[in-house]
Asker: 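The structure that follows is given in the form of structure tokens.
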Amino acid sequence: MAVASLPEVLAAPAIGDVPESDVCSLENYLALPDHTMDSRIAGARAKLGATAIILGHHYQRDEVIRFADFRGDSYKLAQEGARTAAKYILFCGVHFMAESADILAKPGQVAVLPDLNAGCSMADMAEITQVEDCWDTLVRNGITDAAGQGVTPLTYMNSTAAIKAFCGERGGLVCTSSNAPAAFKWAFAQSGGRNEKILFLPDQHLGRNTGYALGIPLDQMVVFDPYLLNGGLTRQQYQNAKVILWKGHCSVHQRFLPEHVDSVRAAHPGIQVIVHPECRWEVCQKADDTGSTEKLIKLITEAPAGTSFAVGTEVHLVNRMAKEFAAQGKKVISLNDSGCLCTTMYRISPQHLCWALENLVEGNIVNQIKVDDEVKHWARVALDRMLEVR
Ligand code: 13P
Ligand code: SF4
């Protein structure tokens with residue numbers, strides 16, 4: 001990363017020197033080079049003090065994550081968001097994460113997403129009307145009643161607030177990749193242990209990988225396709241299934257293929273292959289271990305010097321770990337050398353962060369993420385259940 005020279009830092013306008021109209025306008029920031037943002041972000045951050053907290057997901061770029069007060073996986077950030085007393089929660093992550101921060105926020109707290117275009121293609125694959133149609137299909141086929149006696153709906157954190165609320169209202173909960181196995185066990189214990197089925201939204205891979213690790217055979221996990229009549233399944237298939245997986249995926253993690261595992265092992269004998277559970281089942285089966293972003297970091301941290309890792313997750317985290325662990329004699333490479341980038345996480349730039357912070361200093365809240373009250377209530381029920389399940 002280019003570090004600003006002293007003359008450049010001195011030339012960058014101080015917050016008080018920027019006319020209010022300039023502070024408000026994002027366009028004025030987007031034209032400026034990254035390195036000129038450093039001192040301004042630090043200055044605005046210092047002025048806001050304890051009134052603001054910056055949360056950064058591990059996939060954020062270096063120029064942004066280094067300003068995070070807390071970095072972590074979705075679970076850790078959700079916990080941190082719920083714990084903080086800061087008035088402003090600046091979420092350097094994607095839309096569903098900022099929504100969750102707003103849902104868990106205390107009265108008066110404000111969640112801000114520095115760029116509203118930072119969405120998640122997986123979350124967008126399950127729309128609430130489609131999920132409601134799916135539930136009607138399950139009711140019609142006699143698999144569950146409308147309230148969830150029969151099927152427990154679970155949604156991955158990577159979903160809209162409306163989907164989280166849908167699950168909360170029907171006796172289900174939210175999970176992340178770090179507590180998905182515990183959430184599955186919890187779900188099967190609902191209705192006094194009579195709920196023998198789970199509807200898992202929206203990531204079919206995380207659902208399949210989790211179910212399989214808990215001993216559920218692949219043929220008892222069926223895929224519901226929202227674009228097909230009856231989800232593309234027969235009544236018999238619904239009856240035989242233990243897990244009904246939504247047909248969604250992460251376009252970043254789906255790019256890792258089983259042949260990448262074979263070729264990296266052939267090229268680097270002894271290398272450890274570790275992948276995120278959003279990767280395909282075939283990839284996870286071949287890997288030495290799987291886990292959330294936080295767990296992947298932990299696995300490398302705890303390995304002895306000299307260990308090499310091929311990691312199946314987003315490229316910014318992989319590149320950062322490659323740099324940080326090189327000093328400990330550990331080699332980290334991407335499992336797919338064409339590099340898998342989450343383009344929506346990448347939307348959060350230093351310019352967006354600076355713009356959001358400087359506006360807060362001026363008393364302007366920009367890009368607030370505010371979930372509708374009715375949705376918030378049930379989504380909170382589902383998120384509170386998640387925070388209790390580990
Ligand atoms: P983690 O919860 O493991 O950080 O994953 C979030 C995510 O979006 C992965 O694609
Ligand atoms: Fe969504 Fe995939 Fe990006 Fe994670 S990596 S935020 S699941 S698109």
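Just follow the structure's listing: the first ligand is 1, and inside any ligand the first atom is 1.
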Asker: With ring pair (Phe, Tyr, Trp, His ring centres under 6.0 Å) as the rule and sequence neighbours excluded, what pairs involving residues 240-273 come up?
Answerer: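 For residues 240-273, and leaving out neighbouring residues, the ring pair (Phe, Tyr, Trp, His ring centres under 6.0 Å) pairs sorted by first residue read F224-W246, H253-H276.
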
Asker: At what distance, to the nearest 0.5 angstrom, does CG of L154 lie from CH2 of W186?
Answerer: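 Nearest 0.5 Å value for the CG-CH2 distance: 7.5 Å.
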
Asker: Check whether the side chains of H316 and Q60 place a donor and an acceptor atom closer than 3.5 Å, and report yes or no.
Answerer: no

Asker: Can you check whether L383 reaches M157 side chain to side chain, under 4.5 Å on heavy atoms?
Answerer: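 L383 reaches M157 side chain to side chain.
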
Asker: Can you find an N or O of S74 that's nearer than 3.5 Å to an N or O of ligand 1?
Answerer: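 Yes, at least one N or O pair falls under 3.5 Å.
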
Asker: Indicate every side-chain donor-acceptor pair of residues 170-184 with a distance under 3.5 Å to a residue at least two apart or in another chain.
Answerer:
| from | atom 1 | to | atom 2 | distance (Å) |
| --- | --- | --- | --- | --- |
| R170 | NH1 | F166 | O | 3.0 |
| T176 | OG1 | S178 | N | 3.2 |
| T176 | OG1 | S178 | OG | 3.1 |
| T176 | OG1 | N179 | OD1 | 3.4 |
| S178 | OG | D73 | OD2 | 3.3 |
| N179 | OD1 | T176 | N | 2.7 |
| N179 | ND2 | M386 | O | 3.4 |
| N179 | ND2 | V389 | O | 3.2 |

Asker: Look only at interatomic distance and state if Y75 has a nitrogen or oxygen under 3.5 Å from any nitrogen or oxygen of ligand 1.
Answerer: no

Asker: Judging by distance only, is a nitrogen or oxygen of E278 under 3.5 angstrom from one on ligand 1?
Answerer: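 So ligand 1 has an N or O lying under 3.5 Å from an N or O of E278.
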
Asker: Is T176 touching ligand 1 with its side chain, its backbone, both, or neither, if touching means heavy atoms under 4.0 Å apart?
Answerer: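 The answer is neither; T176 stays 4.0 Å or more away.
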
Asker: Touching ligand 1 at all, M157? Heavy atoms, strictly under 4.0 Å?
Answerer: no

Asker: Should you measure from each heavy atom of H253, which atoms of ligand 1 turn up under 4.0 Å away?
Answerer: 10 (O)

Asker: Going by the atom numbers of ligand 2, which of them fall below 4.0 Å from some non-hydrogen atom of Y59?
Answerer: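 Atoms satisfying the 4.0 Å criterion: 5 (S).
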
Asker: Does H58 have a non-hydrogen atom less than 4.0 Å from ligand 1?
Answerer: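 The answer is no, since H58 has no heavy atom less than 4.0 Å from ligand 1.
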
Asker: Compare H276, K76, K295 and give the one whose heavy atom is closest to atom 3 (O) of ligand 1.
Answerer: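 Among H276, K76, K295, the closest heavy atom to atom 3 (O) of ligand 1 comes from H276.
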
Asker: Between E294 and ligand 1, does any nitrogen or oxygen pair lie at a separation below 3.5 Å?
Answerer: no

Asker: For S177 and ligand 1, does the shortest N/O to N/O distance drop below 3.5 Å?
Answerer: yes

Asker: Mark the output for N158 as yes if a heavy-atom distance to ligand 1 is under 4.0 Å, and as no if none is.
Answerer: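 Yes.
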
Asker: Is H57 near ligand 1, meaning one of its heavy atoms is under 4.0 Å from it?
Answerer: yes

Asker: Calculate, to the nearest 0.5 Å, the distance between atoms CG and CH2 belonging to D145 and W135 respectively.
Answerer: 8.0 Å

Asker: State the atoms of ligand 1, each with its element, that fall below the 4.0 Å cut-off from a heavy-atom position in S292.
Answerer: 3 (O)

Asker: Provide the full list of ring pair (Phe, Tyr, Trp, His ring centres under 6.0 Å) pairs with a residue in residues 102-121, sequence neighbours left out, each pair given once.
Answerer: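 Those involving residues 102-121 do not exist here.
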
Asker: How long is the span from the CE atom in M345 to the CD1 atom in I65, to the nearest 0.5 Å?
Answerer: 9.0 Å

Asker: Is the shortest side-chain N to carboxylate O distance from R83 to E80 below 4.0 Å?
Answerer: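 Result for this pair is yes, salt bridge flagged.
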
Asker: Distance only, no hydrogens: is a donor on one side chain within 3.5 Å (strictly under) of an acceptor on the other, for Q368 and K370?
Answerer: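 No.
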
Asker: Taking side chain as C-beta onward, heavy atoms only, is D69 less than 4.5 Å from T84?
Answerer: no

Asker: Determine whether the side chains of E278 and Y156 contain a donor N or O and an acceptor N or O closer than 3.5 Å.
Answerer: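 Yes, Y156 and E278 have a side-chain donor paired with an acceptor closer than 3.5 Å.
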
Asker: In total, how many protein N/O/S atoms does one find closer than 2.8 Å to atom 2 (Fe) of ligand 2?
Answerer: 1

Asker: Are the side chains of V361 and L48 in touch, meaning some heavy atoms are under 4.5 Å apart?
Answerer: yes

